[in-house]
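Only this structure's heavy atoms are used, side chains among them; waters, hydrogens and symmetry mates stay out. Indexing begins at 1, ligand by ligand and atom by atom, following the structure's order. Keep in mind that what you see is a predicted model, and the values were worked out from it rather than measured.
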Amino acid sequence: MASAPQLTVNEALLAAYQGAIPSHVAVIMDGNGRWAQERGMMRLKGHRAGADAVRCVVESCRYLGVDILTLYAFSSQNWGRPVEEVSGLMTLFDIYIKKERKRLLENEIRLQVIGDRGRLSKKLQRAIGKLEEESAHNDKMILQVAVSYGGREEILAATRRIARAAADGALDPDEIDEETFGRFLYTEGRPDPDLVIRTSGECRVSNFLLWQIAYSELHITDTLWPDFDEAHLLAAFSDFGNRQRRFGKTADQVSS
Ligand code: FPP
């Protein structure tokens with residue numbers, strides 16, 4: 001029998017929530033640097049505080065019954081940041097995997113890292129691969145962490161693989177539709193995000209899931225990522241619940 005989830009979230013607050021719960025939530029976790037600078041700290045301290053917010057949001061989503069949570073942790077463009085910040089972030093991902101392993105497994109969460117993992121150190125690639133394998137059968141929630149990820153890069157990588165398959169005769173070009181294309185992306189055809197949350201007030205998508213967010217609802221909050229907690233998550237869900245998703249149809253068509 002499955003064990004009860006081991007969560008360190010504000011359960012009373014989450015349990016009282018009666019609103020909509022998106023099936024797939026994607027988050028652009030922004031504002032770690034400003035959070036640290038406002039406190040006279042090194043940027044890396046902001047990323048460390050950001051990792052605590054990651055635990056809170058992962059466990060809150062698990063508690064609420066979200067099916068997929070996708071977190072934008074490190075973009076293809078972030079490789080251009082100062083070396084100390086890049087290596088500090090890589091160390092943080094490694095620590096996260098070691099520290100959260102037990103909790104992720106106990107809570108039956110499946111980890112999937114999306115992005116160009118070939119650019120990560122061999123050690124980090126091994127740690128990621130091991131936890132992906134160990135958690136492969138977990139079905140309570142999928143946690144997709146985007147590392148060394150770029151939406152354009154993902155589309156290009158998929159296009160190359162599709163072109164190769166077509167050249168090998170394994171794929172008929174006339175049969176390439178959205179569903180086929182989606183299967184070649186890092187997200188391997190998993191459902192698209194219903195809701196994208198971006199923290200720190202910036203109003204842009206920053207090369208995140210460009211194919212997959214075509215019809216996602218956007219929620220932008222001024223809160224800096226390290227301050228993002230259960231209450232902010234519920235506010236985002238509640239905002240999502242007030243949207244009418246039309247997927248290109250009219251309001252009348254959708255409501256009938
Ligand atoms: C953007 O804020 C944030 C990042 C580039 C890193 C995100 C990493 C974490 C939240 C920590 C670890 C994550 C995991 C999955 C363990 P920024 O640095 O661009 O902030 P700024 O715009 O204020 O400078």
Exercise. When only distance counts, is Tyr96 in polar contact with ligand 1, meaning an N/O pair under 3.5 Å?
Worked result: no
Exercise. Going by atom types alone, do Arg119 and Ser76 pair a side-chain donor with an acceptor below 3.5 Å?
Worked result: no
Exercise. Is Arg34 close to ligand 1, meaning an N/O of one under 3.5 Å from an N/O of the other?
Worked result: yes
For this session: Consider only side-chain N and O atoms of Glu85 and His47, and report whether a donor and an acceptor are under 3.5 Å apart.
Result: yes
For this session: Report yes if the side chains of Phe74 and Phe93 come closer than 4.5 Å at any heavy-atom pair, otherwise no.
Result: yes
For this session: Using distance alone, with no hydrogens and no angle criterion, decide if Arg246 and Gln244 have a side-chain donor and acceptor under 3.5 Å apart.
Result: yes
For this session: Could you tell me whether ligand 1 has any atom less than 4.0 Å away from a heavy atom of Gly31?
Result: yes
For this session: Check if Gln37 has a non-hydrogen atom at a distance under 4.0 Å from any atom of ligand 1.
Result: no
Problem set entry | Distance-only side-chain donor-acceptor flag, Ser200 / Arg34, under 3.5 Å | yes
Problem set entry | Arg81 contact mode with ligand 1 (heavy-atom cut-off under 4.0 Å) | side chain
Problem set entry | Contacts of type side-chain hydrogen bond (donor to acceptor under 3.5 Å, both in side chains), residue Gln112, not counting sequence neighbours | Arg110, Arg190
For this session: Before signing off on this row, confirm whether Trp35 and ligand 1 have an N or O atom pair separated by under 3.5 Å.
Result: no
Exercise. N/O of Asn78 under 3.5 Å from N/O of ligand 1, yes or no?
Worked result: no
Exercise. Between Asn207 and Ser75, is any side-chain donor less than 3.5 angstrom from a side-chain acceptor?
Worked result: no
Problem set entry | Charged N-O contact under 4.0 Å between Asp239 and Arg243 | yes
Exercise. Does a donor on one side chain sit under 3.5 Å from an acceptor on the other, for Thr187 and Gln144?
Worked result: no
Seminar exercise, completed: Checking heavy atoms under 4.0 Å, the part of Arg48 that sits near ligand 1 is neither
Exercise. Is Phe74 near ligand 1, meaning one of its heavy atoms is under 4.0 Å from it?
Worked result: no
Problem set entry | Leu71 to ligand 1, any heavy atom closer than 4.0 Å | no
Exercise. Which word best sums up how the rings of Tyr149 and Tyr72 line up, parallel for under 30°, tilted for 30 to 60°, or perpendicular for over 60°?
Worked result: perpendicular
Problem set entry | Protein heavy atom at shortest distance from atom 1 (C) of ligand 1 | Met29 O, 3.2 Å
Exercise. Looking only at protein heavy atoms, which one is nearest to atom 20 (O) of ligand 1, and how far off is it?
Worked result: Gly33 N, 3.1 Å
For this session: Among all protein heavy atoms, pick the one closest to atom 12 (C) of ligand 1 and tell me residue, atom and distance.
Result: Phe93 CE2, 3.9 Å
Problem set entry | ligand 1 versus Trp225: contacting region, heavy-atom distance under 4.0 Å | side chain
Exercise. Salt bridge or not for Arg183 and Glu188, using N-O below 4.0 Å?
Worked result: no
Exercise. Starting from atom 9 (C) of ligand 1, which protein heavy atom do you reach first, and at what distance in Å?
Worked result: Asn32 ND2, 3.6 Å
Seminar exercise, completed: In this structure, atom 7 (C) of ligand 1 is nearest to the protein heavy atom Ala73 O, 3.3 Å
For this session: Identify, for atom 11 (C) of ligand 1, the protein heavy atom at the shortest distance, and state residue, atom and that distance.
Result: His47 O, 3.4 Å
